[in-house]
Protein chains: 2
Amino acid sequence: MNKSVLNNYFHSLFPIEKEIVVQITEKFTSFKLHKNTVLIDKNEISSKTYFLEEGYMRSYILNEDNEEVTTNIYVAPCFVNDFLSFFKQQPTREIYQTITACSFWETSLENVQSNFHNIPEFREFSRLLFVINYHKLKDRTIEMASQKAETRYLNLLEQNPNVFQHIPLKVIASYLGITDSSLSRIRKDIGKY
Amino acid sequence: MNKSVLNNYFHSLFPIEKEIVVQITEKFTSFKLHKNTVLIDKNEISSKTYFLEEGYMRSYILNEDNEEVTTNIYVAPCFVNDFLSFFKQQPTREIYQTITACSFWETSLENVQSNFHNIPEFREFSRLLFVINYHKLKDRTIEMASQKAETRYLNLLEQNPNVFQHIPLKVIASYLGITDSSLSRIRKDIGKY
DNA sequence: TTAATTTCTTGTCATTTGACAAGTGATCGT
DNA sequence: ACGATCACTTGTCAAATGACAAGAAATTAA
């Protein structure tokens with residue numbers, strides 16, 4: 001039950017006193033999942049927020065043709081949260097699934113609400129987390145709209161090379177918005193890694 | 001100085017008492033801009049949050065080749081905010097510009113902070129606004145990754161037909177991630193509108 | 001270990017989209 | 001009202017990517 005990774009994550013994002021972080025993370029509990037295991041399933045109403053301490057996971061949706069489209073890739077340490085489902089308490093369209101074995105911390109919506117309204121520093125932290133996530137997503141969208149697949153691949157390779165050692169290429173391909181064959185060809189044309 | 005549109009916007013998103021909304025919007029002031037006018041410029045640190053009461057605007061970035069890439073389209077009534085610049089107080093990469101004549105309400109970061117920490121309902125509202133914006137952006141990203149340009153065009157046409165009456169097609173094209181000639185061809189192939 | 005399954009690569013061909021250039025019509029500023 | 005600029009369309013051709021299928025390589029399960 002060593003919460004140092006979790007606690008340090010707060011400090012890394014935001015200047016905040018140790019005692020307050022301890023107070024915030026007090027009610028987090030830990031658990032582990034094997035690889036290829038669903039954390040939040042489609043149509044579920046998410047009632048927990050998760051911190052991924054170790055491992056790799058992804059979220060994806062099923063399109064009209066029932067093909068998997070990877071919507072996000074998660075590399076520890078980071079929070080994993082279906083914002084819409086969690087905060088609006090409505091069913092999610094996405095499936096959140098581990099790719100490698102993962103260890104988590106979780107806490108309930110009630111605890112988040114209590115912290116959000118009672119601890120000013122937690123409010124600031126939550127908002128910052130939103131801002132950062134929004135910004136990452138926006139960067140990805142801009143990339144999708146303005147760069148070709150090869151550039152997107154090279155950017156991911158530069159920013160997150162370790163992803164390629166743990167996540168299947170077909171998952172990465174759908175995250176990049178291309179087919180696995182196209183990704184394979186792009187990799188052939190470049191010198192791979 | 002009629003704040004009814006602004007006040008109603010709060011009620012439309014969130015069940016909240018009239019008195020509290022009045023308290024929140026008390027320190028908002030109004031102003032107008034002509035068409036094609038910059039609201040927030042690149043490299044600026046945004047110190048205001050804006051509510052677009054009437055009009056159409058967009059945000060865009062300049063890519064490596066100095067081409068404009070439209071990052072968002074704003075249709076009144078809605079909040080307009082560079083989250084990253086406003087909440088982290090750092091320079092923005094984006095340019096926010098009116099497309100038609102626009103009328104706004106604005107308030108300062110100090111007021112937002114004060115409301116955020118003193119009015120629980122405002123906190124909930126702010127978070128909901130984030131959730132909604134995040135969700136919209138995510139939908140757009142998924143669309144970019146998984147659907148072809150024609151489908152994206154048809155979706156926009158269905159969800160926001162009025163956009164096509166006020167916003168130049170070349171702006172819409174770059175928002176959809178295609179060139180203006182491609183959009184023109186897509187429109188020719190379909191029966192337009 | 002072996003068989004089954006999944007992942008990755010590659011081939012062929014079609015489709016989508018971009019690059020560039022030209023022309024037309026609309027809009028803007030003076 | 002004028003010329004200048006801008007927005008949109010269209011043509012031609014090239015490049016990027018997808019669809020489908022087959023096979024190799026890796027992983028998984030019994």
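Within every chain, numbering begins at 1; the chains are lettered A, B, ... in the order of the sequence lines, protein sequences first and strands thereafter.
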Length of the [atom1]-[atom2] vector between [X] and [N], whole Å:
X: Asn63(B); N: dG18(C); atom1: CG; atom2: P; answer: 13 Å
X: Gln165(A); N: dT7(C); atom1: CD; atom2: C1'; answer: 17 Å
X: Leu169(A); N: dT27(D); atom1: CG; atom2: P; answer: 12 Å
X: His166(A); N: dT27(D); atom1: NE2; atom2: P; answer: 13 Å
X: Arg187(A); N: dC8(C); atom1: CZ; atom2: C1'; answer: 9 Å
X: Lys188(B); N: dT17(C); atom1: NZ; atom2: C1'; answer: 15 Å
X: Asp180(B); N: dC6(D); atom1: CG; atom2: P; answer: 14 Å
X: Ile99(A); N: dT7(C); atom1: CD1; atom2: P; answer: 11 Å

Handout entry: Nearest to side-chain heavy atoms of Ser184(A), which nucleotide of dA7(D), dT10(D), dT10(C)
Key = dT10(C)
Practice task
Evaluate the side-chain proximity of Phe104(B) to Glu53(B): yes if any heavy-atom separation is below 4.5 Å, no if none is.
Solution key: no
Practice task
Look at the side-chain heavy atoms of Ile, Leu, Val, Met, Phe, Trp and Tyr, link any pair under 4.5 Å apart, and say whether Phe87(A) and Phe130(B) land in one connected group.
Solution key: yes
Practice task
Group every Ile, Leu, Val, Met, Phe, Trp and Tyr by side-chain heavy-atom contacts under 4.5 Å, then state whether Val75(A) and Tyr153(A) land in the same group.
Solution key: yes
Handout entry: Proximity of Tyr9(B) and Phe79(B) rings by center, below 6.0 Å
Key = yes
Exercise for the section: State whether a side-chain donor-acceptor pair under 3.5 Å links Gln113(B) with Glu124(A). Expected result: yes
Exercise for the section: Would you verify whether the NZ or CZ of Arg127(B) falls within 45 degrees of the ring axis of Phe116(A) while also being under 6.0 Å from that six-membered ring's centre? Expected result: yes
I'd like a list of close polar pairs between nucleotides 13-22 of chain D and the protein, N/O only, cut-off under 3.5 Å.
residue, atom, partner, partner atom, Å
dA16(D), OP1, Lys148(A), NZ, 2.8
dT17(D), OP1, Ala149(A), N, 2.8
dG18(D), OP1, Gly177(A), O, 3.4
dG18(D), OP2, Thr179(A), N, 3.2
dG18(D), OP2, Thr179(A), OG1, 3.3
dG18(D), OP2, Ser182(A), OG, 2.6

Could you write out each protein N or O paired with an N or O of nucleotides 24-29 of chain C at a distance under 3.5 Å?
residue, atom, partner, partner atom, Å
dC28(C), OP1, Lys35(B), NZ, 3.0

Handout entry: Worked verdict on Lys48(B) versus Leu109(B) for side chain to side chain contact (heavy atoms under 4.5 Å, CB included)
Key = CA-CA 6 Å; Lys48(B) 307 271 187 188; Leu109(B) 177 57; over 6 Å; no
Exercise for the section: Going by the side chain to side chain donor-acceptor pair (under 3.5 Å) test, name the single residue among Thr71(B), Asp82(B), Thr92(B) that passes it with Ser59(B). Expected result: Thr71(B)
Exercise for the section: Give the minimum heavy-atom separation between Thr107(A) and Lys27(A), together with the two atoms involved. Expected result: OG1-O, 3.2 Å
